[in-house]
2 protein chains.
Amino acid sequence: MIDVARLAGVSVSSVSNYLSNYPYMKPTTKQHIQEAIDALGYVTNERARSLRSGRTGLISLSIPSLTQAYFAELAEEIIAAARRRGYGILIESTGFSRERELASVTAMASKTTDGLILSPLALENADIPRLRGDVPMVLLGERLFGVPAPHMLVHNVEVARKLTEHLIAAGCRTIAFMGGVLESDHMSAEALRTKGYVQALEAAGMPVRPELVAGIVGEATSRKGVELVESMFASGVRPDGIVCYSDLVAFGVLRQLREMQVRIPEDIRVVSIDNLDESQYTVPSLTSVELGRHEIAELAVDSILRQLKEGRAPGEEIYADYRIIHRESSPAV
Amino acid sequence: MIDVARLAGVSVSSVSNYLSNYPYMKPTTKQHIQEAIDALGYVTNERARSLRSGRTGLISLSIPSLTQAYFAELAEEIIAAARRRGYGILIESTGFSRERELASVTAMASKTTDGLILSPLALENADIPRLRGDVPMVLLGERLFGVPAPHMLVHNVEVARKLTEHLIAAGCRTIAFMGGVLESDHMSAEALRTKGYVQALEAAGMPVRPELVAGIVGEATSRKGVELVESMFASGVRPDGIVCYSDLVAFGVLRQLREMQVRIPEDIRVVSIDNLDESQYTVPSLTSVELGRHEIAELAVDSILRQLKEGRAPGEEIYADYRIIHRESSPAV
DNA sequence: ATGAAAGCGCTAACAC
DNA sequence: GTGTTAGCGCTTTCAT
């Protein structure tokens with residue numbers, strides 16, 4: 001930078017000002033500086049800039065795993081949102097380990113990044129105090145509540161209720177929930193979605209039959225979807241509508257139903273939540289709910305940038321808009 | 001750090017030495033320093049450290065899109081490999097844009113990260129000169145050759161040849177390639193894999209029939225797999241074995257074959273390349289090739305770290321091991 | 001085995 | 001409008 005200043009015949013501060021788009025500068029000065037920069041092939045050293053300015057231009061994104069399509073697609077959106085604002089994203093894949101989730105919080109203190117977008121899956125309520133601090137932070141998902149930081153949430157109850165209402169409106173009378181849980185001690189996406197399903201049934205005066213709610217142990221994969229359908233049908237239960245916990249589960253449900261020569265949607269309607277990229281390509285294509293990934297990404301990044309200016313924000317809950325996308329597995333009625 | 005030094009009754013250099021595991025230190029000194037660190041809750045400022053030391057502890061990973069399962073799974077492996085070595089990964093998702101791929105190269109000059117793992121998809125041979133420089137770099141994939149940097153590759157020809165040989169050994173006599181290209185002016189994964197398929201047929205004295213090689217325009221999705229099967233069968237061609245360009249394509253192929261009541265593997269065997277997570281859960285589960293993602297990730301990160309010490313490495317080509325994973329769609333013979 | 005001091009390359013007051 | 005200067009918090013010779 002000194003070299004640039006010297007070649008342009010100005011001071012380093014003028015070069016710095018120019019680089020920061022300082023408005024009050026003589027056009028000729030700006031021009032000289034730009035010429036010197038071009039001649040020398042000068043590039044600002046972001047490390048030095050960040051040491052001095054206190055900003056790195058980086059935001060940490062801590063998610064369970066990129067192997068899960070939902071998180072990969074969310075990460076993609078967050079990276080795009082950050083890039084539009086001139087920021088980069090440092091991804092930490094935490095597996096499902098509490099230690100690694102905590103580590104990403106601790107790492108913030110070393111100022112490698114300007115903020116943290118955290119999607120906890122293993123942290124416990126007891127860990128909440130460790131999430132205090134003045135580092136810009138945004139939480140994702142329903143694992144933790146009461147953290148003093150903005151929290152991006154999805155209308156889980158409402159989404160599942162609307163889907164179930166849709167099935168009822170379409171004439172379904174025996175509606176199963178694949179990947180649900182009727183009794184739960186803490187809030188989880190499963191529990192909330194099941195709650196919406198129950199609400200819709202009750203509002204319609206329909207019974208809630210436990211044998212229609214199949215739970216998943218461990219990760220919600222499409223293999224689980226296959227197994228749930230198999231065992232439900234084996235036990236003689238025969239639904240005419242299925243709400244799936246997620247698209248991944250739905251993929252398995254669709255496959256197994258086709259395996260069993262069930263016509264979709266004629267015999268059984270299938271609806272789900274996540275609207276993965278892949279869901280438009282399944283056979284039949286899947287009716288699913290777009291959870292507002294794009295909006296979540298934009299709001300999360302914006303919130304980090306705002307907190308950077310105004311300080312850590314308090315524990316507000318922000319709900320993203322959703323949209324049911326009707327496809328072949330359950331057309332609109 | 002000054003505070004820690006003061007509290008511990010030592011100099012800042014001793015604190016720095018301690019933090020860098022300098023060996024020749026009196027145990028009591030080390031202890032005093034650690035106590036002061038604990039008492040003050042001191043955390044090293046990585047920004048300052050990186051300005052002075054020239055290292056950021058970050059590596060850029062530039063890939064087309066996290067939405068593509070192959071890249072998401074590769075990214076996951078690279079993040080894990082980097083973490084094991086105390087490094088973080090900054091992901092740049094380049095879409096399929098040449099500008100963004102170039103941007104990630106330029107960004108390196110600003111020293112935000114210590115190296116770049118680049119998977120180009122849109123760069124052209126004319127861009128190769130811009131990839132010179134002294135920044136640690138590793139290339140991924142078959143888009144560009146002749147770049148002066150280590151290049152991680154997959155045995156595309158060999159993998160496709162082995163898969164085809166397997167089908168031949170299993171008794172298949174009419175083997176299709178879904179997502180191949182017989183004539184191509186540049187090296188691409190499609191062209192190379194098709195080449196391996198052709199080699200195997202020729203070695204077995206079997207004819208190469210163009211109507212058995214179906215090309216894909218645009219992104220290789222499972223929807224394309226569905227369409228290719230539909231149109232091939234519609235035109236009266238009836239293979240007894242199918243090699244798919246990728247697992248995503250294979251997912252569509254499997255679905256469409258089942259839709260058409262074809263028994264797999266009895267009537268048609270299906271094999272593919274990528275071994276995505278999901279491939280073990282399809283119905284039937286998919287015989288596929290594990291391309292050594294793990295090894296690629298390890299070698300790529302190691303190479304960056306080595307280049308950091310020894311300077312930019314020359315343009316060597318490194319091939320990762322692969323492994324055919326036999327599943328239901330085509331069991332081993 | 002430990003300390004003093006000189007920067008790394010930049011930004012931000014503040015002076016002019 | 002532009003220049004001077006004092007650090008940001010750390011690492012790294014080089015002394016001792």
Side-chain angles (χ1 to χ4, degrees), chain A residues 1-37 40-58 86 106-114 134-135 308-309, chain B residues 1-37 40-58 86 106-114 134-135 308-309:
Chain A
M1 189 152 150
I2 292 177
D3 295 341
V4 173
R6 196 144 34 201
L7 184 59
V10 297
S11 72
V12 286
S13 10
S14 287
V15 177
S16 175
N17 280 337
Y18 173 69
L19 258 17
S20 326
N21 296 311
Y22 185 68
Y24 313 110
M25 291 187 79
K26 216 159 64 182
T28 55
T29 315
K30 292 186 6 179
Q31 191 192 324
H32 289 148
I33 294 175
Q34 184 56 56
E35 283 167 9
I37 287 176
L40 267 42
Y42 169 83
V43 190
T44 48
N45 181 326
E46 294 294 337
R47 299 197 270 236
R49 186 203 283 260
S50 75
L51 172 58
R52 186 61 238 234
S53 68
R55 301 284 165 84
T56 57
L58 264 31
T106 317
M108 289 306 306
S110 65
K111 313 272 187 183
T112 359
T113 58
D114 295 342
D134 47 5
V135 183
L308 217 41
K309 286 207 194 76
Chain B
M1 190 153 150
I2 291 177
D3 295 342
V4 173
R6 197 146 33 203
L7 184 58
V10 297
S11 72
V12 285
S13 358
S14 288
V15 178
S16 175
N17 281 335
Y18 172 71
L19 257 19
S20 328
N21 295 311
Y22 185 67
Y24 313 110
M25 293 189 78
K26 217 157 65 180
T28 54
T29 314
K30 288 172 36 164
Q31 191 193 326
H32 288 149
I33 294 175
Q34 185 55 56
E35 284 168 7
I37 287 175
L40 266 41
Y42 168 82
V43 189
T44 50
N45 181 327
E46 294 295 337
R47 298 199 270 235
R49 185 203 283 262
S50 74
L51 172 59
R52 188 60 237 238
S53 68
R55 301 287 164 82
T56 57
L58 263 31
T106 317
M108 289 306 307
S110 65
K111 314 272 187 185
T112 1
T113 57
D114 294 342
D134 49 5
V135 184
L308 216 41
K309 285 207 195 76

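Everything numeric here is computed off the predicted structure, so don't read it as measured data. Letters A, B, ... mirror the listed sequences (proteins, then strands); counts begin at 1.
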Q) Only one of B:T44, B:V10, B:L40 forms a side-chain contact (heavy atoms from CB on, under 4.5 Å) with B:V4, so which one is it? A) B:L40
Q. For the pair made of CD1 in B:I2 and P in D:dG7, what is the distance, rounded to whole Å?
A. 11 Å
Q) Can you check the A:I33 CD1 to D:dT2 P distance for me, whole Å? A) 8 Å
Q) For B:T29, which contact category applies under a 4.0 Å heavy-atom criterion: base, sugar-phosphate, or nothing? A) sugar-phosphate
Q. Hey, is B:K111 close enough to B:D134 for a salt bridge, meaning N to O under 4.0 Å?
A. no
Q) Is any side-chain N or O of A:S53 under 3.5 Å from a base N or O of C:dA12, one able to act as donor and the other as acceptor? A) no
Q | Closest to the B:N17 side chain, choosing from C:dA1, D:dT4, D:dT12 | A | D:dT12
Q.
By the 4.0 Å heavy-atom rule, please label B:S14 as base, sugar-phosphate, or nothing.
A. sugar-phosphate
(Q) What is the separation between atom OH on B:Y22 and atom C1' on C:dA1, rounded to the nearest whole Å? (A) 7 Å
Q: Please tell me which of the listed nucleotides, D:dT2, D:dT11, D:dG9, lies nearest to the side chain of A:M25?
A: D:dT2
Q) How is A:T44 classified with respect to the nucleic acid when contacts are heavy atoms under 4.0 Å: base, sugar-phosphate, or nothing? A) sugar-phosphate
Q. Donor-acceptor pair under 3.5 Å: do we get one between B:S16's side chain and the base of D:dT12?
A. no
Q. Rounding to a whole Å, what distance do you find between B:Y42:OH and D:dG9:C1'?
A. 7 Å
Q) Within the modelled atom types, does a donor on one side and an acceptor on the other bring the side chain of A:R52 and the base of D:dG7 under 3.5 Å apart? A) yes
(Q) Can you tell me which nucleotide in C:dC10, C:dA13, D:dC10 comes closest to the side chain of B:M1? (A) D:dC10
Q. In terms of side-chain heavy atoms of B:R49, which of D:dT11, D:dT12, C:dT11 is nearest?
A. D:dT11
